[in-house]
Amino acid sequence: MERKSQRGGRLRPVDLARAHGLSTQAVRNYEEAGILPAAERTSHGYRVYTPLHAAALRAFLALAPGHGHRTAAAVMRAVNDGEADEAFRLIDGVHAQLLEDRGTLRAVEDALRDLEPVAPGPGRTFIGPLAARLGIRPATLRKWERAGLLTPRRDPATGYRVYDESDVRDVMLAHQLRRGGYPLERIAPLIAQVRSAGGLEPLESTLEEWRRGLSARGRAMLSGAAELDAYLHELG
């Protein structure tokens, strides 16, 4: 395809670097990685960049915050190789992941909202009564334990599993998420996050931070799309 801007003004590596707060070596590295199209050389071997290269650099730097460095680089290489459909496929994958992450956040928020309060105090229970309380089989709780969702202690005298207040909280949260259709391998890290946060209340700030992060990523992806579209127009 014809590169309309290739015939435009001449830019030195330092011009691109200064305009974007980069080092000249970073600009050269981006070219060598295929993120920027190959530059022409002077008779003395110096690189000569054009507004097309500036547009490519803007597109990459705008894509990276929302898509990650690796995917943004792969998108730019695909575009520079004339494989726009591959670039779009990569971008679609990032959008799909963002949508899945939003769904996970919503599921956790729903699970916390519908969670029955756990009676305060150091009370303890055993696997049979706890399973009956939730309307599930004891074997299900043992399966969740093997998957890392639960960590009940064992009574030293009997060897029976003993579930304290925090264990019951984890069981109920896991139960809500399973009812929402979430697989065990996706629930386990969320339960671990509840434990590391010290309970459900501190987790609220974590969820709010998660929510802000998803919104920021979505906004960054819009910015990246705008700059990539401008670069595609430059390519013609």
Side-chain angles (χ1 to χ4, degrees), residues 16 19-22 26-27 29-30 33-37 51-115 173-174 176-197 199-235:
L16 283 183
H20 298 90
L22 302 171
V27 173
N29 290 343
Y30 288 155
I35 293 169
L36 306 183
L52 180 70
H53 296 90
L57 185 56
R58 285 194 300 272
F60 170 72
L61 294 177
L63 286 167
H67 296 74
H69 186 282
R70 180 177 298 180
T71 299
V75 167
M76 294 304 298
R77 281 194 292 268
V79 168
N80 291 331
D81 289 341
E83 299 176 359
D85 285 343
E86 172 62 13
F88 298 151
R89 185 192 69 80
L90 292 168
I91 291 171
D92 289 345
V94 177
H95 280 277
Q97 183 61 58
L98 179 62
L99 183 61
E100 183 175 333
D101 290 346
R102 289 189 186 280
T104 300
L105 173 60
R106 186 175 299 111
V108 174
E109 291 174 328
D110 290 345
L112 293 179
R113 184 175 59 250
D114 297 336
L115 203 61
L173 180 56
Q176 286 294 116
L177 291 168
R178 287 295 288 153
R179 289 174 61 184
Y182 278 79
L184 297 180
E185 60 270 19
R186 291 182 60 188
I187 295 175
L190 298 174
I191 298 293
Q193 194 171 29
V194 172
R195 294 191 194 119
S196 64
L200 295 175
E201 290 186 8
L203 188 62
E204 290 295 334
S205 61
T206 300
L207 293 177
E208 178 59 31
E209 182 179 349
W210 187 1
R211 189 181 303 108
R212 287 197 300 267
L214 292 177
S215 295
R217 189 178 180 194
R219 182 70 178 269
M221 288 164 66
L222 286 176
S223 298
E227 291 293 348
L228 180 62
D229 184 61
Y231 179 51
L232 290 171
H233 279 291
E234 288 288 318
L235 285 172

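Everything quoted here is computed from the prediction, not taken from an experiment.
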Counting neighbours of [atom1] on [X] that are heavy atoms of other residues, nucleotides or ligands and sit closer than 6.0 Å, is the number greater than 12?
X    : atom1 : answer
E209 : CD    : no
R186 : CZ    : yes
R106 : CZ    : no

Side chain to side chain donor-acceptor pair (under 3.5 Å): which pairs involve residues 92-102, sequence neighbours left out?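 Sorted result for residues 92-102: Q97-D101.
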
Quick check against the 3.5 Å criterion: does R217 have a side-chain atom that pairs as donor or acceptor with the backbone of G66?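 Such a contact is found between R217 side chain and G66 backbone.
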
N/O donor-acceptor pair under 3.5 Å between H53 side chain and P37 backbone: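 Side chain of H53 to backbone of P37: a pair is present.
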
Under the side chain to side chain contact (heavy atoms under 4.5 Å, CB included) rule, what do V75 and H67 come out as? Steps first, then yes or no, please. CA-CA 9 Å; V75 167; H67 296 74; 5.6 Å; no

Within this structure, what is the [atom1]-[atom2] distance for the pair [X] and [Y], rounded to the nearest 0.5 Å?
X    : Y    : atom1 : atom2 : answer
I191 : L173 : CD1   : CG    : 4.0 Å
R70  : L90  : CZ    : CG    : 12.0 Å
T71  : L63  : OG1   : CG    : 10.0 Å

Considering residues at least two apart in sequence or located in another chain, which fulfil the side chain to side chain donor-acceptor pair (under 3.5 Å) criterion with R89?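 Partners of R89 by the side chain to side chain donor-acceptor pair (under 3.5 Å) criterion, ordered by chain and then number, come out as E86.
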
Between M76 and L36, is a side chain to side chain contact (heavy atoms under 4.5 Å, CB included) present by the stated rule, with each step listed? CA-CA 7 Å; M76 294 304 298; L36 306 183; 6.0 Å; no

Checking L22 against Y30 for the side chain to side chain contact (heavy atoms under 4.5 Å, CB included) test, could you report, in this order, the C-alpha distance in whole Å, the side-chain angles of both residues, the deciding distance, and whether it holds? CA-CA 11 Å; L22 302 171; Y30 288 155; 3.9 Å; yes

Closest non-hydrogen atom pair between G218 and L98, with its separation: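 Reported closest heavy-atom pair: CA-CD2, 3.9 Å.
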
Would you please test H69 and F60 for ring-ring contact (aromatic ring centres under 6.0 Å, His included) and show each step? CA-CA 9 Å; H69 186 282; F60 170 72; 5.2 Å; yes

For H20 and R58, run side chain to side chain contact (heavy atoms under 4.5 Å, CB included): C-alpha distance rounded to whole Å, both residues' side-chain angles, the deciding distance at 0.1 Å, then the answer. CA-CA 8 Å; H20 298 90; R58 285 194 300 272; 3.3 Å; yes

